[in-house]
Amino acid sequence: MALSQIIGHDKTMARLKSLLVSQRVPPALLFTGPEGVGKFLAAKEFARALTCLHKPPEEPAPEKSLFDSPSEPATHHSPLATHNSDDACGVCASCLQIDSGAHPDVRIIDTAFQAALLDEDESRNLKVDTIREVCRYANQTSILSSRKVFIIRDAGAMVQQAQNAILKTLEEPPPGTVLILTVSRKNALLATIISRCYAIDFTALPRAALERLLEAQGQTLDDAAALSSVSQGSLKTAGDLRRLSERLKGGARFDRMGAFKMAASLPKDSHRARHEVVTLLDLLLAGTRDRWAGAAGCAKKPLSALVTTLLALRRMTAQNVSYNLILETALLESEKLGILPENVIKASRLVGQ
Ligand SMILES: [Zn+2]
């Protein structure tokens with residue numbers, strides 16, 4: 001994978017490449033856009049291009065004096081020296097260490113990193129202690145590459161104190177340090193953070209690009225087309241809906257036990273779990289609103305109440321409430337009015353095609 005292989009974001013990738021080519025990379029970048037469209041993947045590939053050992057040096061070479069020796073010819077024989085300056089080589093020690101997640105100068109800051117750092121269970125938020133540690137790392141000398149890159153994944157998860165703690169580092173990053181913040185809800189960030197970062201905007205994936213990505217993941221043409229039509233340009237949403245429809249095909253019923261089983265099968269990774277719960281809530285909301293539109297008179301009232309409940313549960317996904325509990329409540333409350341995720345998906349022509 002390289003920047004040039006990221007599909008569906010041609011203009012955005014062109015902007016990132018132009019930063020690399022001009023060698024004027026802002027020290028603080030903010031990748032914004034909907035969830036599941038490739039912001040984190042792009043951030044990782046940008047970090048790879050920034051730290052690749054077969055890239056030109058960051059600063060233009062000083063002018064040669066008459067007394068300088070001729071340039072070292074060895075690099076002229078290396079095939080690696082000929083790769084484009086806007087992409088990583090993919091084979092140097094730096095590129096390979098990013099693949100293995102062990103690069104000493106490229107750190108991905110998320111709730112999983114935090115759990116390992118603080119030796120505690122994974123939590124929903126990024127805490128001030130974690131961000132202070134990031135600022136400390138940023139002041140250390142790089143080990144393998146000429147740059148250090150920190151990717152703060154889902155930066156909106158930083159508590160306010162953590163956001164305040166990173167302001168100074170964003171404003172005056174130590175030399176050679178690049179911070180990339182990814183965020184899907186920009187309003188979760190302080191205005192002072194946003195104003196210190198160079199914004200790179202991502203949009204929902206075009207349907208054709210999403211179809212290609214789903215096909216590349218092994219989906220049939222029909223399934224890829226059906227999924228991409230209801231996934232709002234998000235690969236993550238498409239993945240959630242696919243998993244959900246597969247579980248529903250297994251005959252899960254939404255009585256209390258079915259809801260409990262469904263909640264218990266949520267992914268352990270909190271990013272994925274949250275997204276899966278939000279996807280399901282959106283699905284139930286769509287089904288309830290459809291039913292409301294077709295209902296008459298007093299039949300609308302309980303449906304309105306359900307929409308209110310589902311919206312409240314959706315807001316809770318951004319707070320410190322158990323995803324399992326949110327999912328169980330949503331399924332049981334919807335089931336009371338006969339709104340089952342399976343039927344909503346069927347209506348979207350996802351199941352039984
Ligand atoms: Zn490389």
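For ligands, and for the atoms within them, numbers begin at 1 and follow the listed sequence. Side chains included, hydrogens not; waters and symmetry mates left out as well; all remaining heavy atoms used. Just so we're clear, the structure is a prediction, and the values are computed from it rather than from any experiment.
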Practice task
Check the side chains of Y137 and R132 for a donor-acceptor pair under 3.5 angstrom, ignoring hydrogens and angles.
Solution key: no
Practice task
Using side chain to side chain donor-acceptor pair (under 3.5 Å) as the criterion, list what pairs up with R291, not counting sequence neighbours.
Solution key: none
Practice task
Give a yes or no on whether R136 atom CZ has more than 12 heavy-atom contacts from other residues, nucleotides or ligands under 6.0 Å away.
Solution key: yes
Problem - Residue-atom pairs from the protein, N, O or S only, that lie under 2.8 Å from the Zn ion (ligand 1) - result: C52 SG, C89 SG, C92 SG, C95 SG
Just distance, no hydrogens or angles: give the donor-acceptor pairs under 3.5 Å from side chains in residues 201-220, sequence neighbours left out.
{"unit_1": "D201", "atom_1": "OD1", "unit_2": "T32", "atom_2": "OG1", "d": "2.7"}
{"unit_1": "T220", "atom_1": "OG1", "unit_2": "D223", "atom_2": "N", "d": "3.1"}

Problem - Euclidean distance, L281 CG relative to M316 CE, rounded to 0.5 Å - result: 10.5 Å
Atom pairs and distances, side-chain donor-acceptor, residues 179-198, under 3.5 Å, sequence neighbours left out:
{"unit_1": "T182", "atom_1": "OG1", "unit_2": "D154", "atom_2": "N", "d": "3.0"}
{"unit_1": "S195", "atom_1": "OG", "unit_2": "A191", "atom_2": "O", "d": "3.3"}
{"unit_1": "S195", "atom_1": "OG", "unit_2": "T192", "atom_2": "O", "d": "3.2"}
{"unit_1": "R196", "atom_1": "NH1", "unit_2": "T192", "atom_2": "O", "d": "2.9"}
{"unit_1": "R196", "atom_1": "NH2", "unit_2": "E171", "atom_2": "OE2", "d": "3.3"}
{"unit_1": "Y198", "atom_1": "OH", "unit_2": "R15", "atom_2": "NH2", "d": "3.1"}

